[in-house]
Amino acid sequence: MQVVIDGPAGAGKSTVARRLADRLDAFYLDTGAMYRACTLRALRMGVDLDDSKVLAEVVDGAKIELLPAGEAGQCRVHLDGEDVSAEIRTREVTTAIRHLANCPEVRQRLVAQQRALAERTPGHVVAEGRDLASVVFPDAAVKVYLDASVEERARRRRADHGDQTPLDELQREISERDLSDQSRAVGPLVRVPEATYIDCSDMTIDEVVEQLAALVEAAGE
Ligand code: C5P
């Protein structure tokens with residue numbers, strides 16, 4: 001069974017997807033980590049981030065591994081054999097990511113890799129990202145759009161990451177990323193009509209996970 005969770009940055013997709021994957025003994029597919037790893041590779045190589053041909057080569061040459069690492073479905077991200085789990089979350093990578101996320105040649109390659117990963121997985125897959133219900137796994141058994149207000153997402157980012165950036169600045173950054181994610185020509189963040197919409201602004205993590213588990217059960221887990 002494929003369970004896909006789309007939604008804007010900071011809504012809590014990773015946390016609930018990991019918890020759900022742990023509960024279902026499923027493979028947790030963090031597609032954002034793949035865009036992040038390729039962005040890190042492009043930055044390290046010092047290539048022109050606006051050259052789509054070069055970006056495609058950066059992706060073709062990248063070896064990305066999403067490795068389960070113990071408790072609560074946590075996963076480590078390896079790039080070309082190196083553990084880059086922390087480095088792909090830096091501000092520098094987050095700021096540069098739109099160049100790759102908006103590049104059709106990059107998306108086409110990463111979508112193919114995501115499908116191949118799911119195909120190779122013998123059990124269930126819990127995947128999270130932006131275009132999973134609409135593009136990557138349109139036949140997924142469970143589709144969820146996880147949302148939260150910009151204010152709440154900025155507040156959580158501060159609490160979770162210990163980010164000392166002023167709240168209004170974080171809100172502005174999140175809104176900019178929303179706009180970039182929603183307005184790109186290929187693979188934008190969209191809410192497909194058949195997805196269950198969950199606004200988790202006033203929900204606890206446990207409450208969201210319970211709701212997701214109920215959807216999985218209803219879909220015939
Ligand atoms: O989920 P996360 O915030 O780690 O994703 C980082 C960025 O990667 C997102 O802001 C988005 O631009 C891009 N992304 C994407 N498509 C996905 C997952 C992530 O474009 N399926």
Side-chain angles (χ1 to χ4, degrees), residues 2-18 20-21 28-43 49 52 55-56 58-59 62 64 66 73-77 79 84-118 125-138 140 143-148 150 153-154 156-158 160-161 163 170-192 195 200:
Q2 289 166 351
V3 179
V4 300
I5 306 171
D6 291 306
K13 298 185 299 295
S14 309
T15 309
V16 298
R18 275 201 295 263
L20 184 71
Y28 164 52
L29 175 51
D30 178 356
T31 62
M34 299 172 79
Y35 286 90
R36 286 176 180 279
C38 290
T39 303
L40 176 63
R41 191 164 197 266
L43 288 172
L49 294 179
S52 55
L55 291 183
V58 169
V59 177
I64 305 167
L66 304 178
Q74 291 283 3
C75 103
R76 307 298 299 174
V77 182
L79 171 65
V84 293
S85 310
E87 217 176 331
I88 58 167
R89 311 274 165 205
T90 58
R91 223 188 169 87
E92 193 195 0
V93 170
T94 304
T95 311
I97 214 160
R98 65 187 164 82
H99 294 276
L100 282 89
N102 292 347
C103 173
E105 288 82 356
V106 169
R107 299 202 73 85
Q108 186 198 0
R109 284 163 171 79
L110 289 184
V111 167
Q113 287 189 25
Q114 289 154 17
R115 288 182 182 146
L117 265 172
V125 174
V126 176
E128 54 116 340
R130 304 293 189 287
D131 57 343
L132 302 188
S134 54
V135 176
V136 189
F137 303 117
K143 297 179 176 181
V144 171
Y145 189 94
L146 189 66
D147 206 357
V150 174
R153 288 188 278 140
R156 287 181 190 171
R157 179 124 304 183
R158 232 171 162 225
D160 296 349
H161 300 268
D163 199 326
L170 272 180
Q171 284 184 22
R172 194 174 39 75
E173 280 180 19
I174 289 175
S175 299
E176 276 171 17
R177 201 135 70 95
D178 286 354
L179 188 66
S180 172
D181 279 343
Q182 286 161 355
S183 59
R184 68 173 148 259
V186 181
L189 167 65
V190 282
R191 183 179 150 194
V192 298
C200 65

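Small disclaimer: the values here were computed from a predicted structure and weren't measured. Counting starts at 1 for both ligands and their atoms, following the listed order.
- The backbone N or O of A11 sits less than 3.5 Å from a side-chain atom of R156, completing a donor-acceptor pair.
- Checked by atom type and distance alone, the side chain of K13 never pairs as donor or acceptor with a backbone atom of Y145 at under 3.5 Å.
- Not a single heavy atom of M34 sits closer than 4.0 Å to an atom of ligand 1.
- Under 4.0 Å is where a charged nitrogen must lie from a carboxylate oxygen, and between D178 and R153 at least one such pair does.
- For atom 8 (O) of ligand 1, the nearest non-hydrogen atom from the set V93, I97, T94 belongs to I97.
- In this structure, Q114 has no heavy atom closer than 4.0 Å to ligand 1.
- Inclusion of E128 in the set of residues having an N or O under 3.5 Å from an N or O of ligand 1 is not warranted.
- For atom 1 (O) of ligand 1, the closest non-hydrogen atom of the protein is R130 NH1, 3.1 Å.
- What sits closest to atom 18 (C) of ligand 1 on the protein, heavy atoms only, is T31 OG1, 3.4 Å.
- A donor-acceptor pair shorter than 3.5 Å can be found between the side chains of T94 and R36.
- For atom 21 (N) of ligand 1, the closest heavy atom belonging to the protein is D131 OD1, 2.9 Å.
- Checked by atom type and distance alone, the side chain of R115 never pairs as donor or acceptor with a backbone atom of F137 at under 3.5 Å.
- Considering backbone and side-chain N/O of D30, none are found under 3.5 Å from N/O of ligand 1.
- Side-chain atoms of D30 never come within 3.5 Å of backbone atoms of L66 as a donor-acceptor pair (strictly under, hydrogens ignored).
- Residue R98 qualifies as open at atom CZ: its count of foreign heavy atoms under 6.0 Å is 12 or below.
- To the nearest 0.5 Å, the span separating CE on M34 from CD1 on I88 amounts to 11.0 Å.
- For the pair D131 and R107, the salt-bridge criterion is met [side-chain N within less than 4.0 Å of a carboxylate O].
- Among protein heavy atoms, atom 16 (N) of ligand 1 sits closest to R107 NH2, 3.0 Å.
- Taking a cut-off of under 4.0 Å to the non-hydrogen atoms of R177, the atoms of ligand 1 that pass are 3 (O), 6 (C), 7 (C), 9 (C), 10 (O).
- The shortest contact between atom 11 (C) of ligand 1 and any protein heavy atom is with D181 OD1, 3.2 Å.
- Remark: ligand 1 atoms within the under-4.0 Å shell around heavy atoms of R89 are 4 (O).
- For atom 4 (O) of ligand 1, the closest heavy atom belonging to the protein is R36 NE, 2.7 Å.
- Of the protein's non-hydrogen atoms, the one nearest atom 13 (C) of ligand 1 is A101 CB, 4.0 Å.
- A salt bridge is defined here as a Lys NZ or Arg NE, NH1 or NH2 lying under 4.0 Å from an Asp or Glu carboxylate O, and R172 with E176 meets this definition.
- Taking 4.0 Å as the cut-off, R98 does not count as a neighbour of ligand 1 on heavy-atom distance.
- For atom 19 (C) of ligand 1, the closest non-hydrogen atom of the protein is G32 CA, 3.5 Å.
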